[in-house]
Amino acid sequence: GAVVSQHPSRVICKSGTSVKIECRSLDFQATTMFWYRQFPKKSLMLMATSNEGSKATYEQGVEKDKFLINHASLTLSTLTVTSAHPEDSSFYICSAPPLGWGGGTDTQYFGPGTRLTVL
Amino acid sequence: GQQLNQSPQSMFIQEGEDVSMNCTSSSIFNTWLWYKQDPGEGPVLLIALYKAGELTSNGRLTAQFGITRKDSFLNISASIPSDVGIYFCAGRPLLIYGGSQGNLIFGKGTKLSVKP
């Protein structure tokens, strides 16, 4: 099946620093990727939709200047948490539907997640 | 916005027992998905449902898309220790309800614990 990777799997940083998380589709192309955030024992909340070649679409309440998204190619999207603070500590998960996905019958494949801890 | 109510929140059962969990919504969904998430990992798709009334199996797992398009259930038969984890339902609402294309709405999860 389709494989989505994330790097790093775990990162610890000091408050005020910026952290970049990569999401790659390994064996398929994706013009769209999704970034989710998950708090402990909570469900996944969609943060933004990453679009190759255009600006990302952010969900209501998500600061676009705080969470910078760049969809550099058909296999790579990056999420940069700028000036991270302890409240940004969370599990960040990306997902990607295969190219040609029409939003109907195809499904999204999730990455393994990145655990961010801000001290 | 749309919400999914998933129940139960947690289950603690004996190995070999059957398990049932469900999700309901106040609005119509055109896709229902069931995922399993192990600790520190991303969700893995178990079953996808696309048509009202559809009943689909994947090994010991069976899921159904409710005919009202507002609910779905997942059954696990003869549970084993490796079934432990958190199960999430997810749905894609109709665009007329304001759902972004591709926007999956997730339930809050059902934590399954199995006694060996």
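Chain identifiers are assigned alphabetically (A, B, ...) following the order of the sequence lines, protein sequences preceding nucleic acid strands; residue numbering begins at 1 within each chain.
- Looking at A/Gln60, there are no atoms closer than 4.5 Å to chain B (heavy atoms on both sides), in backbone or side chain.
- Judged as a salt bridge (Lys or Arg N to Asp or Glu O under 4.0 Å), not a single pair has a partner in residues 5-20 of chain A (not counting sequence neighbours).
- Contacts between A/Leu44 and chain B at a heavy-atom distance below 4.5 Å involve backbone atoms as well as side-chain atoms.
- Among B/Pro43, B/Ala90, B/Gly42, the residue making the largest number of heavy-atom pairs under 4.5 Å with chain A is B/Pro43.
- For the residue pair B/Glu17 and B/Ser79, no side-chain donor N or O sits within less than 3.5 Å of a side-chain acceptor on the partner.
- Between A/Glu22 and A/Leu76, some side-chain heavy-atom pair lies under the 4.5 Å cut-off.
- Heavy-atom distances place the side chain of B/Gln37, and not its backbone, under 4.5 Å from chain A.
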For residues 59-67 of chain B, tabulate all N or O donor-acceptor pairs below 3.5 Å that involve a side-chain atom, not counting sequence neighbours.
unit_1	atom_1	unit_2	atom_2	d
B/Arg60	NH1	B/Ser77	O	3.0
B/Arg60	NH1	B/Ala78	O	3.3
B/Arg60	NH1	B/Asp83	OD2	2.9
B/Arg60	NH2	B/Asp83	OD1	2.8
B/Arg60	NH2	B/Asp83	OD2	3.3
B/Thr62	OG1	B/Ser57	OG	3.2
B/Gln64	NE2	B/Gly53	O	3.2

